[in-house]
Amino acid sequence: MADDPLFQRFGKAFPAGTVLFTEGEQGKTMFVLQTGKVKITKVLGGEEKTLAVIPAGEFLGEMAILLNEPRSASATVLEEVKALVIDSNTFEAMIKSNTEIAYRIIKKLAQRVRDANQQIESLSIKDANQKVVYTIMRAVKNQGQQLPTGNFKIPTVRDELIAQTGLDQAKLDEILGKLQKANLLKIDSTGMEVAPAEKLNKFLEFLAMREQFGDFA
């Protein structure tokens, strides 16, 4: 990476805990992550909420320089980051001179709109168990890799599920524990192995019935 001409020109390293930008400040740069992870947070109802965890290979901070508006959220480094730091003039020049870059950015922005709509839909679900299962199913659809067993592997980690469901870690771990006991998923250091959609759908049907009729002793 040190030999990468782009990194030599625009690259910078940020240790864990670094605040890349703060909600409300004027945005002058965007970041293209080459390594590490960044947490996106926003103050809602007086509390700081995690909206997303951005992994390596993604970019962030582009909306402020595209719209010339204050930052809509804050960004904090979770794991040491190496990133390209691009200012508005450089970004505009790159877009104008390279149609492939422009297309990739437009495609990524469209995906983020889709993901935001799906997250809003997930957050509107009242039952926490259903919320987690729906979020996992969405992750399987978007990035799952099918295994020979018929199960699917996703790289989703707890921080991302917390961001996508709005649950705290204790509640999320409780629900993930139930799903593991039901043999619907397994968790390891690389992510989750998830049962096929038909099994998850049956579990959702069970949760819907329980919500409608309650638990019977």
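Position 1 is the first residue of the sequence, and the numbers go up from there.
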Consider only side-chain heavy atoms of I, L, V, M, F, W and Y, link residues closer than 4.5 Å, and tell whether [X] and [Y] are in one cluster.
{"X": "Phe10", "Y": "Leu66", "value": "yes"}
{"X": "Tyr103", "Y": "Ile105", "value": "no"}
{"X": "Phe14", "Y": "Val53", "value": "no"}
{"X": "Leu147", "Y": "Leu179", "value": "no"}
{"X": "Ile106", "Y": "Val32", "value": "no"}

Any [X] side-chain heavy atom under 4.5 Å of [Y] side chain:
{"X": "Phe59", "Y": "Met30", "answer": "yes"}
{"X": "Ile175", "Y": "Lys131", "answer": "no"}
{"X": "Met192", "Y": "Leu161", "answer": "yes"}
{"X": "Gln180", "Y": "Leu184", "answer": "no"}
{"X": "Ile136", "Y": "Leu185", "answer": "yes"}
{"X": "Ile54", "Y": "Lys37", "answer": "no"}
{"X": "Glu193", "Y": "Thr149", "answer": "yes"}
{"X": "Leu204", "Y": "Gln130", "answer": "yes"}

Tell me the closest heavy-atom pair linking [X] and [Y], and the distance in Å.
{"X": "Gly27", "Y": "Ala64", "answer": "CA-CB, 3.8 Å"}
{"X": "Gly24", "Y": "Pro70", "answer": "O-CB, 3.4 Å"}
{"X": "Ala75", "Y": "Ile40", "answer": "CB-CD1, 3.7 Å"}

So, [X] side chain and [Y] main chain: donor-acceptor pair closer than 3.5 Å or not?
{"X": "Arg71", "Y": "Gly61", "result": "yes"}
{"X": "Asn98", "Y": "Met94", "result": "no"}
{"X": "Thr35", "Y": "Lys82", "result": "yes"}
{"X": "Glu23", "Y": "Val43", "result": "yes"}

Starting at [atom1] of [X], measure out to [atom2] of [Y] and round the result to the nearest 0.5 Å.
{"X": "Arg104", "Y": "Ile95", "atom1": "CZ", "atom2": "CD1", "answer": "10.5 Å"}
{"X": "Ile154", "Y": "Lys141", "atom1": "CD1", "atom2": "NZ", "answer": "14.5 Å"}
{"X": "Leu33", "Y": "Leu84", "atom1": "CG", "atom2": "CG", "answer": "9.0 Å"}
{"X": "Ser88", "Y": "Glu62", "atom1": "OG", "atom2": "CD", "answer": "13.5 Å"}
{"X": "Phe91", "Y": "Ile86", "atom1": "CZ", "atom2": "CD1", "answer": "9.5 Å"}

Item to check | Gln145 and Phe152: CA distance, side-chain angles, deciding distance, side chain to side chain contact (heavy atoms under 4.5 Å, CB included) verdict | outcome: CA-CA 5 Å; Gln145 295 182 337; Phe152 290 84; over 6 Å; no
Checklist entry - Are more than 12 heavy atoms from other residues, nucleotides or ligands located less than 6.0 Å from atom NZ of Lys178? => result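 Result for NZ/Lys178: enclosed.
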Item to check | Residue pair Glu48, Lys42: steps toward the salt bridge (Lys or Arg N to Asp or Glu O under 4.0 Å) verdict | outcome: CA-CA 6 Å; Glu48 185 179 72; Lys42 185 175 181 65; over 6 Å; no
Item to check | Working for salt bridge (Lys or Arg N to Asp or Glu O under 4.0 Å), residues Glu174 and Lys171 | outcome: CA-CA 5 Å; Glu174 175 190 335; Lys171 184 62 177 178; 3.6 Å; yes
Checklist entry - Given the rule in the side chain to side chain contact (heavy atoms under 4.5 Å, CB included) test, do Val38 and Thr76 qualify, once you have shown the distances and angles that lead to the verdict? => result CA-CA 6 Å; Val38 173; Thr76 305; 5.8 Å; no
Next on the checklist: Run Ile162 and Leu167 through side chain to side chain contact (heavy atoms under 4.5 Å, CB included) and show every step you take.
Outcome noted: CA-CA 5 Å; Ile162 289 171; Leu167 301 175; 5.9 Å; no
Item to check | Residues in side chain to side chain donor-acceptor pair (under 3.5 Å) contact with Lys153, at least two apart in sequence or another chain | outcome: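 Side chain to side chain donor-acceptor pair (under 3.5 Å) list for Lys153, sorted by chain: Asp188, Thr190.
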